[in-house]
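In listed order, ligands and their atoms are each counted from 1. What you see below is based on every heavy atom in this structure, not just the backbone, and it leaves out hydrogens, waters and symmetry mates.
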Amino acid sequence: MTKSTPRALDVLIVGAGFAGMYLLHRMRQAGLSAHVYEAADGVGGTWYWNRYPGARCDVESMQYSFGWDEALQQEWKWSERFAGQPEILQYANHVADRYDLRRDITFETRISAARYDEEAGSWDVRTEAGETITCRYVVMATGCLSTARIPDFPGLADFKGRTFHTGWWPHHPVDFTGRRVAVVGTGSSAIQSIPVIAEQAAQLTVFQRTPNFSIPTRNGPMDDAYEGWWKDGYARKRVEARATRTGILNRQSEQKASETPLDEQLKIYEARWQTGGTSFMGSFADIVTSKAANDVAAEFVRNKIRGLVRDPRVAELLCPTNHPIGTKRICVDSHYYETYNRPNVTLVDVRNAPITHLTESGLAWGEGKVAAFDDIVFATGFDAMTGTLTRVDIRGRAGQTLKDKWEGGPQTYLGLMTAGFPNLFMITGPGSPSVLSNMMVSIEQHVDWITDCLVHLKSHGMAGIEARPDAEGAWVAHVNEVAHKTLYPQANSWYMGANIPGKPQVFMPYIGGVGTYRDKCDEVAAKGYEGFRITGPTGVAQAAE
Ligand code: FAD
Ligand code: NAP
């Protein structure tokens, strides 16, 4: 590595999504010099990249927003109950402007490598263009769902029509009018985009390998009274949300389905179905731990599908049967199932007749079946949680790469750090609640914790922190143990790494709950960063082991 323009930087932040933006703000407040490097040409992360038709939040707007500045949360007005991607991106840009963040963000710059210099106790971070920046701390605010993936279909380059991935959507409007469109995948992104694409396309063919459970959002314009209720005592409500299991207020019932008569369970599911959104999964406390409870919820949704889709054969194909409800991320939609009643929409089941390749004019599947398309939309997901981190050539002590260390699955202490990589933090890393929660709440908690930690180090004249291997091992075991008390590991989900061929199958997020996790992190800090090794400027261990 050749070093150019070395900067006296305390903290280098990778990523300018909500995590990187908030962290930059906190670093400035803490008096630490910080700079953000972002691959995109704008802020917003997920909401910058995922511009597919129908992209929308599945957490209510009043809760999927920053809660750290009372003035910001009072002044911003969401137009809908569940905000669409354009409005969330507008919000991200508003935050960047309001806090003058852009002057410390370098856009269109991808970080390709980071090497820990053990002697200096600092990181040399390299951009794809070859610039090297030296800094004390690196924070990977790179997102859990930021490496979109198209399966390795033979013939991909042969297809002469247009191809898209929902996670790399063009910045100009895409017109499907009069076109024959294929959508590959039936996860959240597909379920949101299919109804919108179907309204434009001449013909829409959906290639489904695994059906998913989806709940109607019942989205609509923001109700003034509801907004007023939130804004009255907003700060207090945010505090309450942070103590919940998912970081979402008014969602989780503590009642157990297993202690509730069946007719009462069905009434509760019906009420939640009518309210709409992911809160369906909060109907009972034991839906993802009791198979019997889960079966009732799953059958309730399957019956809804059968009621919504006119063709019984198509309805049965859309009914998920190979995983418990909620163990793959629950989807939310606006008229998804009803879309299959349209004469221009066809569902193709590729579970037992997989897509084999692309041709010049379309897709081939099963035993010689082929169809021609003008456009193919890949809604095929992400190399989630670890993919973005391991794509950067991160080298810690003794030159060990993060990719090698995580070969058998991610290992972290609290999802914040990984042993052998001093002064390298992750936001919403594997081993933290992250993708199982309202991500805004989890992002804020990690940013606040890291800020407090760096301020603590600075005020004590310390310059290094590192996860201890024994603490990390115990945490990884705990994350696994908690996951295996639930039904989650029964699904071939991206939570398990199952969507990427060859990826180790380990349940990656921490399912113990946002509130419990926050308490644990706070306790660790209060005990002098228990489980971490703190070192002085010379690299010598100086603080509590
Ligand atoms: P991101 O928003 O992913 O930002 C990471 C940034 O890092 C990106 O801009 C990326 O370009 C940049 N980056 C990555 N690697 C590099 C590199 N090597 N060099 C430079 N820059 C890099 N969560 C919810 O809680 N509720 C929802 O409703 C919800 N909906 C979602 C919908 C979609 C379509 C997707 C994909 C995710 C959704 N999520 C949702 C999760 C969402 O990712 C988080 O809510 C949140 O936006 C993550 O913010 P972040 O800043 O941590 O990461
Ligand atoms: P995803 O859930 O991973 O779905 C990918 C889809 O592509 C699956 O249906 C998968 O089928 C299919 N697929 C992959 N490879 C295939 C192949 N070779 N042949 C046929 N089908 C194939 O990805 P996503 O829909 O982009 O969602 C990812 C996550 O982002 C969500 O779970 C959620 O956390 C977040 N998200 C949220 C929202 C929201 O509502 N706010 C919207 C979009 C995304 P299999 O299931 O069989 O693998």
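Using modelled atom types, no side-chain atom of D158 and backbone atom of L358 make a donor-acceptor pair closer than 3.5 Å. With H165 contributing its side chain and R149 its backbone, the two residues share a donor-acceptor pair below 3.5 Å. Here the side chain of S146 pairs no donor or acceptor atom with the backbone of C144 at under 3.5 angstrom.
The aromatic rings of Y91 and F66 are tilted relative to each other, their planes meeting at an angle between 30° and 60°. By the 30° and 60° cut-offs, the orientation of the rings of Y52 relative to W169 is perpendicular. Between Y340 and Y336, the ring planes lie perpendicular to each other; the angle is over 60°, past the 30° to 60° tilted range. Taking the six-membered ring where tryptophan is involved, the planes of W76 and H94 are tilted, since the angle between them lies from 30° to 60°.
Of the options V59, V14, I443, T46, the smallest heavy-atom separation from atom 22 (C) of ligand 1 is shown by V14. Across W49, W47, F107, W169, heavy-atom proximity to atom 29 (C) of ligand 1 is greatest for W47. For atom 46 (C) of ligand 1, the choice among F18, F82, Y64 with the nearest heavy atom turns out to be Y64.
Regarding atom 7 (O) of ligand 1, its nearest protein heavy-atom neighbour is G15 CA, 3.2 Å. In terms of protein heavy-atom proximity, atom 51 (O) of ligand 1 is nearest to A19 N, 2.9 Å. Considering only non-hydrogen protein atoms, atom 53 (O) of ligand 1 sits nearest to G143 CA, 3.1 Å. Annotation: atom 4 (O) of ligand 1 to nearest protein heavy atom, G45 CA, 3.5 Å.
Per-residue contacts place R110 under 4.0 angstrom from the following atoms of ligand 1 (heavy atoms of the residue considered): 15 (N), 16 (C), 17 (C), 18 (N), 19 (N), 20 (C). The ligand atoms of ligand 1 that sit less than 4.0 angstrom from a heavy atom of S146 are 3 (O). Of all the atoms in ligand 1, the ones that sit under 4.0 Å from a non-hydrogen atom of Y37 are 20 (C), 21 (N). Annotation for ligand 1: atoms under 4.0 Å from non-hydrogen atoms of N50 are 34 (C), 36 (C). Within ligand 1, counting atoms from 1 as listed, the ones closer than 4.0 Å to a heavy atom of S437 are 25 (O). Those atoms of ligand 1 with a heavy atom of F382 less than 4.0 angstrom away are 36 (C). Less than 4.0 angstrom separates some heavy atom of V392 from each of these atoms of ligand 1: 18 (N).
Looking at E38 next to ligand 1, an N or O pair under 3.5 Å apart turns up. In terms of polar-atom proximity, defined here as any N/O pair under 3.5 Å, M439 does make such a contact with ligand 1. In terms of polar-atom proximity, M440 is not counted as a contact of ligand 1, lacking any N or O under 3.5 Å from an N or O of the ligand.
Donor-acceptor pairing under 3.5 Å is recorded for the side chains of E60 and Y226. Inspection of the Y64 and D58 side chains reveals no N or O donor paired with an N or O acceptor under 3.5 Å. No hydrogens or angles considered: nothing links the side chains of T186 and R209 as a donor-acceptor pair under 3.5 Å. At a cut-off of 3.5 Å, with distance as the only test, a side-chain donor of S79 or E87 sits close to an acceptor on the other residue. Using modelled atom types and a 3.5 Å distance limit, the side chains of S65 and R238 yield a donor-acceptor pair.
Ligand 1 lies within reach of A141, whose nearest heavy atom is under 4.0 Å from it. The closest approach between any non-hydrogen atom of N438 and ligand 1 is below 4.0 Å.
The two residues M385 and S434 have their closest heavy-atom pair at CE-OG, 3.2 Å.
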List the steps, then state whether side-chain contact (heavy atoms from CB on, under 4.5 Å) holds for L12 with W123. CA-CA 9 Å; L12 187 144; W123 283 89; over 6 Å; no

Start with the C-alpha distance between T388 and T142, add both sets of side-chain angles, then the distance that settles side-chain hydrogen bond (donor to acceptor under 3.5 Å, both in side chains), and finish with yes or no. CA-CA 7 Å; T388 309; T142 42; 5.6 Å; no

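Counting heavy atoms closer than 4.0 Å to ligand 1, residue S188 contributes nothing at all. Of all the heavy atoms of A39, the ones lying under 4.0 Å from any atom of ligand 1 are found in both the backbone and the side chain. Contacts of T388 with ligand 1, taken as heavy-atom pairs under 4.0 Å, involve the side chain alone. If you look at Y48 next to ligand 1, there are no close heavy atoms at all, none under 4.0 Å. Counting heavy atoms closer than 4.0 Å to ligand 1, residue T142 contributes atoms from both its backbone and its side chain. With a 4.0 Å cut-off on non-hydrogen atoms, T109 touches ligand 1 through its backbone and not its side chain. At a 4.0 Å heavy-atom cut-off, ligand 1 does not touch S112 at all. Contacts of D58 with ligand 1, taken as heavy-atom pairs under 4.0 Å, involve both backbone and side chain. Using a 4.0 Å cut-off between heavy atoms, I111 contacts ligand 1 through both its backbone and its side chain. Under 4.0 angstrom from ligand 1, the non-hydrogen atoms of Y52 all belong to its side chain.
No salt bridge links R126 with D124; every basic N to acidic carboxylate O contact stays at or beyond 4.0 Å.
The local environment of NZ in K405 is crowded, with over 12 non-hydrogen atoms from other residues, nucleotides or ligands closer than 6.0 Å. The neighbour count for D152 CG, taken as heavy atoms of other residues, nucleotides or ligands under 6.0 Å away, does not exceed 12.
Within a 4.0 Å radius of atom 39 (N) of ligand 1, the protein contributes no non-hydrogen atoms.
When ring centroids are compared, H171 and Y48 come within the 6.0 Å threshold.
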Report all N/O contacts between ligand 2 and the protein shorter than 3.5 Å as a table of atom names and distances to 0.1 Å; if there are none, say 'none'.
{"residue": "ligand 2", "atom": "7 (O)", "partner": "A379", "partner atom": "O", "Å": "3.3"}
{"residue": "ligand 2", "atom": "9 (O)", "partner": "T186", "partner atom": "N", "Å": "2.9"}
{"residue": "ligand 2", "atom": "9 (O)", "partner": "G187", "partner atom": "N", "Å": "3.4"}
{"residue": "ligand 2", "atom": "15 (N)", "partner": "R209", "partner atom": "NH2", "Å": "3.4"}
{"residue": "ligand 2", "atom": "25 (O)", "partner": "S188", "partner atom": "N", "Å": "3.0"}
{"residue": "ligand 2", "atom": "25 (O)", "partner": "S189", "partner atom": "N", "Å": "2.8"}
{"residue": "ligand 2", "atom": "25 (O)", "partner": "S189", "partner atom": "OG", "Å": "3.4"}
{"residue": "ligand 2", "atom": "26 (O)", "partner": "S189", "partner atom": "OG", "Å": "2.6"}
{"residue": "ligand 2", "atom": "32 (O)", "partner": "W494", "partner atom": "NE1", "Å": "2.9"}
{"residue": "ligand 2", "atom": "40 (O)", "partner": "Q192", "partner atom": "NE2", "Å": "3.1"}
{"residue": "ligand 2", "atom": "41 (N)", "partner": "R56", "partner atom": "O", "Å": "2.7"}
{"residue": "ligand 2", "atom": "41 (N)", "partner": "D58", "partner atom": "N", "Å": "3.2"}
{"residue": "ligand 2", "atom": "46 (O)", "partner": "T210", "partner atom": "OG1", "Å": "3.4"}
{"residue": "ligand 2", "atom": "46 (O)", "partner": "K328", "partner atom": "NZ", "Å": "2.8"}
{"residue": "ligand 2", "atom": "47 (O)", "partner": "R209", "partner atom": "NE", "Å": "2.8"}
{"residue": "ligand 2", "atom": "47 (O)", "partner": "T210", "partner atom": "OG1", "Å": "2.4"}
{"residue": "ligand 2", "atom": "48 (O)", "partner": "R209", "partner atom": "NH2", "Å": "2.9"}

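Each of L363, V183, L347 was compared with F207 under the side-chain contact (heavy atoms from CB on, under 4.5 Å) criterion, and only L363 meets it.
Side-chain contact check for D104 versus L101: every heavy-atom pair is 4.5 Å or farther apart.
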